[in-house]
Number of protein chains: 2
Amino acid sequence: MRPLFHPPLEHITIEAVLHALSDPVRVAIYAQIVASSCSQSCSKFLKVKQKAIPKSTLSRHFKALREAGLIQSERRGVEMHNISRCPELNNRFPGLIPAILNAYHVQMKSKMPAGNAAKRKPARRAK
Amino acid sequence: MRPLFHPPLEHITIEAVLHALSDPVRVAIYAQIVASSCSQSCSKFLKVKQKAIPKSTLSRHFKALREAGLIQSERRGVEMHNISRCPELNNRFPGLIPAILNAYHVQMKSKMPAGNAAKRKPARRAK
DNA sequence: TCGATAGTTCTACTATTTGGAACTATGCAA
DNA sequence: TTGCATAGTTCCAAATAGTAGAACTATCGA
């Protein structure tokens, strides 16, 4: 299996970080990883906000977070342990991650009328 | 011509804001609009960082910024006047925009080796 | 060695983005 | 007025990116 790629701190771009967190599922996953004290496996997120996420999609979401430099993933036995690279990132872009997470929580608290936070509809597959 | 849509403050989502600013051209345009004291027309940006931007693409970039709630656009005669909604936005998501702009400037100052900040290659058109 | 579990890759399909061409709206000069 | 230049939008086709089911790989524990 291909080794996991993690960008070095100085190659992390603001565009990649914002892109990774502009997806409602990914920002929810990331917020939970940051909030938890211990590392999180991918499969903890097979449901995100009452919505089932196919595991292939979940895998790609984690890859996106990892390659944007937001999380550090490590294979431990059969599962993956994910932790945030928050302290490191805060060194490169001071205050960025806290501000984004704060904004995310502000939005969650204001409980949008009918879950209209999604940026777009997911691709639908033909049967 | 269709009237310009501007989302009310409370409908602005963190996902839409991050998505709008995850494009290297849009974040550059937005940074310049925020930095300038007077309103900017779209056509001021037909070149962004030495790169020519087709005006149809530029038009869509401004629409994206507008509909994400980042800028306020007003038609004045033949041109459009664009100003940032920064103060308003800072009320909904405190510290978010300053942190993003700061990160953008940090990255610009560190002058990446060969302009590799782009999130992806642009679509190439067949001849 | 078998089976279960966790995650990745392949693949076909859908959604979004791009940029040239055509179009719309406004201003200005004759 | 008409004519035309300027500024921006919309249409269209092509390209890129994202989705999820199926098949696959890797590890663990009987």
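Throughout, a chain's letter reflects where its sequence line sits, starting with A, and its residues are numbered from 1.
The separation between B/K55 atom NZ and D/dA5 atom C1' is 11 Å, rounded to whole Å. Between the CD1 atom of A/I53 and the P atom of C/dG7 there is a distance of 14 Å, rounded to whole Å. One atom, CD of B/E15, and another, C1' of C/dT16, lie 17 Å apart when rounded to the nearest Å. For the pair A/K44 NZ and C/dT5 C1', the computed distance is 15 Å after rounding to whole Å. Here the C1' atom of nucleotide C/dG7 and the CD1 atom of A/I29 are 14 Å apart, to the nearest Å. In this structure, A/L46 atom CG and C/dT8 atom P are separated by 12 Å, rounded to whole Å. As a whole-Å value, the separation of A/R75 CZ from D/dT27 P is 7 Å. For the pair A/F5 CZ and C/dT8 P, the interatomic distance rounds to 16 Å; values are reported in whole Å.
Between D/dT6 and B/S43, no contact under 4.0 Å exists linking OP1 or OP2 to a side-chain N or O.
Residues B/F93 and B/I12 form a side-chain contact, since some pair of their non-hydrogen atoms from C-beta on lies under 4.5 Å apart.
B/Q107 places a side-chain N or O within 3.5 Å of a backbone atom of A/I14 that can act as its donor or acceptor partner. The backbone N or O of A/S73 lies less than 3.5 Å from no partner atom in the side chain of A/N82, so there is not a single donor-acceptor pair. Side-chain atoms of B/H105 come within 3.5 Å of backbone N or O of B/L101 as a donor-acceptor pair. The main-chain N or O of A/C38 is found under 3.5 Å from a side-chain atom of A/Q40 such that the two form a donor-acceptor pair. Between the side chain of B/R26 and the backbone N or O of B/A64 there is no donor-acceptor pair closer than 3.5 Å.
Atom NZ in A/K49 sits 10.5 Å away from atom CD1 in A/I29 (nearest 0.5 Å). In this structure, CG on A/L70 lies 5.0 Å from OH on A/Y30, to the nearest 0.5 angstrom.
Residues from residues 57-67 of chain B lying near DNA chain C, meaning a heavy-atom separation below 4.0 Å, are B/T57, B/R60, B/H61 in numerical order. Contacts between residues 77-84 of chain A and DNA chain D, defined by a heavy-atom separation below 4.0 Å, involve A/G77, A/V78, listed by number.
For B/D23, the listed nucleotide lying nearest its side chain is C/dT18; candidates were D/dG21, C/dT18, D/dA7. Distances from the side chain of A/P54 to the nucleotides D/dT9, D/dT19, D/dG21 place D/dG21 closest.
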- Evaluate the side-chain contact (heavy atoms from CB on, under 4.5 Å) criterion for residues B/F45 and B/I33: first the C-alpha distance (whole Å), next the side-chain angles of each, then the deciding distance (0.1 Å), finally the verdict. CA-CA 10 Å; B/F45 299 92; B/I33 289 176; 4.1 Å; yes
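Comparing A/A52 and A/R76 against DNA chain D, the residue whose closest nucleotide sits nearer the 5' end is A/A52.
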